[in-house]
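Take a look at the structure set out below.
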Amino acid sequence: MSKIAFIFPGQGAQYCGMGQDFYEQTATGKEIFDMASGLLGFSLPEICFEKNDRLDITEYTQAAMVTTGIAMMRVLEEKTGIRPDVTAGLSLGEYCALAAAGVMSDRDAILTVRQRGILMQEAVPAGLGAMAAVLSLDAAKIEEVLSQIEGVQIANYNCPGQIVISGKKEAVEEAGEKLLAAGAKRVIGLNVSGPFHSAMLTQAGEKLGAVLENVEIQKPAIPYVANVTAQYVTEADEVKPLLIRQVSSSVRFQQSVEAMLKDGVDTFIEIGPGKTLAGFIKKITRDAKVFNIEKLEDIDKLTEI
């Protein structure tokens with residue numbers, strides 16, 4: 001019998017039109033998008049399905065991505081009866097994982113991530129921070145190079161051969177030059193609105209703590225894997241401190257997948273727009289089944305499980 005993980009992508013996966021078929025063709029999907037619009041005071045279908053500038057702004061992107069992920073997940077569960085044994089998400093995708101694990105209500109996950117997006121957007125003035133993807137260089141070597149440069153750190157351990165760095169703009173640029181000299185195949189600047197998962201966002205994480213004080217946290221019905229530690233979380237009191245740290249800490253996605261593999265997970269279902277996480281997993285292991293749900297018709301593929 002398969003051991004299944006639900007996994008949810010982060011901010012870099014967004015695109016116009018995400019989740020539109022779930023909204024238009026399922027009652028559950030429409031209910032979740034409409035609920036989110038009522039909570040947030042703006043139209044999620046308008047932001048997600050119509051070409052606009054707001055989808056690229058963090059405070060809107062995060063709410064849009066989490067609403068879409070939750071809507072897709074609830075429709076998937078309803079249509080297939082499939083339930084995960086464990087769940088995880090990359091960056092803001094962790095909030096979908098929290099909803100999947102029964103830690104937060106769908107409502108609270110959407111409201112919290114909206115505030116998280118605002119706090120992260122306001123944390124660093126535009127132009128002061130940067131992020132870059134480092135290709136084909138060992139993580140230990142990247143850590144060694146960055147240890148000699150103040151103001152830059154690893155933001156994402158995505159998969160072998162792909163790591164993202166983040167921090168002060170000048171420090172990221174200096175690190176890029178030194179990483180190329182150290183053997184990186186490429187260093188690609190990312191089009192982002194802030195230096196996410198860097199120490200520059202520490203204050204935003206602390207402010208998120210005040211938001212979380214009013215959020216009800218339940219003991220996980222199933223474990224989820226935390227970005228910060230890449231370890232299973234099974235108790236309610238672990239959740240809020242990890243979410244505060246997550247804003248300014250490295251996302252250990254590769255290590256999270258390795259922890260799930262070690263636990264016997266053999267099937268990963270990526271829920272959300274794009275196939276980014278599925279691609280990472282295929283570089284981490286060739287032994288697991290990997291599915292992606294970004295269109296309503298993709299749910300039919302899960303009969304193979």
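Note that OG1 of T80 is 7.0 Å distant from CD1 of I269, once rounded to the nearest 0.5 Å. In this structure, D34 CG and S43 OG are separated by 8.5 Å, a value rounded to the nearest 0.5 Å. Considering CG of L44 and CD of E46, their distance stands at 10.0 Å, rounded to 0.5 Å. Between atom CG of residue N156 and atom CD of residue Q254 there is a gap of 12.0 Å, rounded to the nearest 0.5 Å.
No continuous path of ILVMFWY side-chain contacts below 4.5 Å connects M131 to I149, so the two sit in separate hydrophobic clusters. In the hydrophobic clustering of ILVMFWY residues, with side-chain heavy atoms under 4.5 Å counting as a link, L111 and I47 come out together. One hydrophobic cluster, built from ILVMFWY side chains closer than 4.5 Å, cannot hold both V152 and L128; they sit in different ones. Residue V247 is grouped with residue I217 when hydrophobic side chains (ILVMFWY) are merged at heavy-atom distances under 4.5 angstrom, including chains of intermediate members.
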request  = Show the numbers, then the answer: is there a side-chain contact (heavy atoms from CB on, under 4.5 Å) between D263 and D85?
outcome  = CA-CA 10 Å; D263 183 52; D85 298 288; over 6 Å; no
request  = Check the pair K262, E258 against side-chain contact (heavy atoms from CB on, under 4.5 Å), reporting the backbone distance first and the verdict last.
outcome  = CA-CA 6 Å; K262 188 176 179 180; E258 290 167 347; over 6 Å; no
ask   = Please walk me through it: do M65 and V113 pass side-chain contact (heavy atoms from CB on, under 4.5 Å)?
value = CA-CA 10 Å; M65 285 289 293; V113 86; over 6 Å; no
task = Let me see the working for E294 and M18 under side-chain contact (heavy atoms from CB on, under 4.5 Å), right down to the final yes or no.
result = CA-CA 8 Å; E294 60 176 336; M18 61 183 184; over 6 Å; no
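The side chain to side chain contact (heavy atoms under 4.5 Å, CB included) search around Q25 returns D21, L296, not counting sequence neighbours. When the side chain to side chain donor-acceptor pair (under 3.5 Å) test is applied to Y60, no partner is found at least two apart in sequence or on another chain.
Listed here is the closest heavy atom pair of K301 and F291: O-CE2, 3.7 Å. Nearest heavy atoms, C96 versus G69: SG-CA, 4.0 Å. V187 and A132 get closest at one heavy-atom pair: CG1-CB, 3.9 Å. Nearest heavy-atom pair, A139 versus Y157, reported as atom, atom and distance to 0.1 Å: CB-CE2, 4.1 Å. Of all non-hydrogen atoms in S105 and D108, the two that sit nearest each other are OG-N, 3.0 Å. In this structure, L76 and F6 approach most closely via the heavy-atom pair CD2-CZ, 3.7 Å.
A donor-acceptor distance shorter than 3.5 angstrom exists from the side chain of Q121 to the backbone of T58, with no hydrogens or angles considered. Judged by distance alone, the side chain of K240 and the main-chain N or O of L212 form a donor-acceptor pair under 3.5 Å. Listed for the S250 side chain is no donor-acceptor partner under 3.5 Å among the backbone atoms of R252. Listed for the D138 side chain is a donor-acceptor partner under 3.5 Å among the backbone atoms of A140. T67 places no side-chain N or O within 3.5 Å of a backbone atom of A64 that could act as its donor or acceptor partner. No donor-acceptor pair closer than 3.5 Å links the side chain of S193 to the backbone N or O of I57. Put simply, the side chain of H197 never gets that close to the backbone of S248: no donor and acceptor are under 3.5 Å apart. Between the side chain of N292 and the backbone N or O of G274 there is at least one donor-acceptor pair closer than 3.5 Å. Using a distance-only test at 3.5 Å, with no hydrogens or angles considered, no donor-acceptor pair links the side chain of Q218 to the main chain of G102. Of the possible polar contacts, one joining the Q153 side chain to the A199 backbone as a donor-acceptor pair under 3.5 Å is found.
Contact check for K168 versus P195: no side-chain heavy atoms found under the 4.5 Å cut-off. In this structure, Q162 and L135 have side chains that are in contact, with non-hydrogen atoms separated by less than 4.5 Å. Considering only heavy atoms from C-beta on, F196 comes within 4.5 Å of L201 through its side chain. Put simply, the side chain of L208 reaches to within 4.5 Å of the side chain of T112, judged on heavy atoms. Taking 4.5 Å as the limit, some side-chain heavy atom of M72 sits within range of a side-chain heavy atom of T68. Proximity of D266 to I4: side-chain heavy atoms (C-beta onward) are nowhere separated by under 4.5 Å. Residues M73 and T87 are not in side-chain contact: their nearest non-hydrogen atoms beyond the backbone lie 4.5 Å or more apart. Residues I293 and V75 fail the side-chain proximity criterion, which asks for heavy atoms closer than 4.5 Å.
The pair R74-E78 does not meet the salt-bridge criterion, since no charged nitrogen lies less than 4.0 angstrom from a carboxylate oxygen.
Atom CZ of R186 has 12 or fewer heavy atoms from other residues, nucleotides or ligands within 6.0 Å. Around CD of E150, the count of heavy atoms belonging to other residues, nucleotides or ligands within 6.0 Å does not exceed 12. Around CD of E216, the count of heavy atoms belonging to other residues, nucleotides or ligands within 6.0 Å does not exceed 12.
Sorted by first and then second residue, the pairs that involve residues 217-238 and meet salt bridge (Lys or Arg N to Asp or Glu O under 4.0 Å), not counting sequence neighbours, are K219-E235. Pairs passing the salt bridge (Lys or Arg N to Asp or Glu O under 4.0 Å) check and including a residue from residues 109-121, sequence neighbours excluded, read E59-R114.
Ring planes of F33 and Y23: perpendicular class, angle over 60° (limits at 30 and 60°).
By the 4.5 Å side-chain criterion applied to Ile, Leu, Val, Met, Phe, Trp and Tyr, I222 is assigned to no cluster and stands alone. In the hydrophobic clustering (ILVMFWY side chains linked at under 4.5 Å, chained through shared members), V86 is joined by I7, L90, V225, Y232, V251, F253, V257, M260, L261, V265, F268, L277, F280, I281, I284, V290.
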